[in-house]
Amino acid sequence: MEKIAEHKSFVGKQLRYRHRAQSVGCDMTFSIYLPPQAELGKVPVLYWLSGLTCTDENFVNKAGAQHHASMYGMAIVAPDTSPRGDGVADAEDGAYDLGLGAGFYLNARRSPWSQHYRMEDYFCKELIDLVESEFPVDGKRSAIAGHSMGGHGALKFGLKYPERFRSISAFAPISSASNCPWGKKALTAYLGDDPSLWAAEDCCELLKKRGNKAPKILVDQGDADPFLQDQLKPELLQAAATAGGADLTLRMQSGYDHSYFFIASFIEEHLRFHREHVG
Ligand SMILES: N[C@@H](CCC(=O)N[C@@H](CSC=O)C(=O)NCC(=O)O)C(=O)O
């Protein structure tokens, strides 16, 4: 693991690393914010998953989370959104919603994607183990959050691995990957057309299944988001939560769009929500 950036921020440290990742067979970068409390002992940790076109740096540079993470004493880890580098497949037409920057947090099963696009193994096994072994974070006090494609990832991992994450939050998540153009395109390319494989990637299916055993979930969605009706469909998430008896707080936020200006406006509330639930 090689440190490639370090900046003092709100008394803590904003760090960036590159490491060889076995699960995806390429070098990966990730960012981690360590609050000042991490100098004294282990701190709780929030994993942040970003959306289409992002790297690990969008959240770090645009969300304004460091101030709040410093106040709440939480580390924040932001991974990249896909494998990268020579030999890693990309969309043939350069589309932004498939391939590089669009890993969808799953293990691909179809060629050419299956060689490197194993983002579930990378994040859930390799990166979390690396972070817990190399940094002063308390793995028993972990939470997960994300935006858009990363909101889908956060909901999916939080629901699939409830023993790992005590709380889940999302900004403008893709609520049901099986039922929107971004998700259908990615699931077809990466997995093929087996409905059981799609169901395992669909937050609504997972939410119905997990029901009232799901961790607490907070979702913020802007009502001026251009992707709201075609791609995000929060009403499906609400219906799945109601059907399963899950504890979802879905807040429609008037006038907000899909951007990091929206995320920056509510990130403090998400950090507070997670800090309360991780203890
Ligand atoms: N056509 C747009 C789409 C890209 C976009 O809006 N990306 C969002 C996430 S969308 C869902 O996962 C994003 O976070 N962008 C990065 C940012 O810093 O805002 C385009 O290509 O611009």
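All heavy atoms count here, side chains included; hydrogens, waters and symmetry mates do not. Whatever order the structure lists ligands and atoms in, that order sets their numbers, starting from 1.
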Any pair counted as side-chain hydrogen bond (donor to acceptor under 3.5 Å, both in side chains), so long as it reaches residues 207-224, sequence neighbours left out: E205-K208, K216-D247, D220-R251, D220-Q253, D220-H270, Q221-D225
Per-ligand residue contacts, ligand 1, heavy-atom threshold under 4.0 Å: G51, L52, T53, C54, N58, K62, Y96, H147, S148, M149, W182, F227, H258, Y260
Under 3.5 Å donor-acceptor, R166 side chain and K140 backbone: yes
Residues S176, D202; criterion side-chain hydrogen bond (donor to acceptor under 3.5 Å, both in side chains); working and verdict: CA-CA 5 Å; S176 175; D202 193 295; 2.7 Å; yes
Crowding at CZ, F261 (>12 non-hydrogen neighbours, <6.0 Å): no
Candidate list Y105, W198, W113, test ring pair (Phe, Tyr, Trp, His ring centres under 6.0 Å), partner Y190, passing option: W113
Residue Q229 excluded, over 12 heavy atoms near CD under 6.0 Å: no
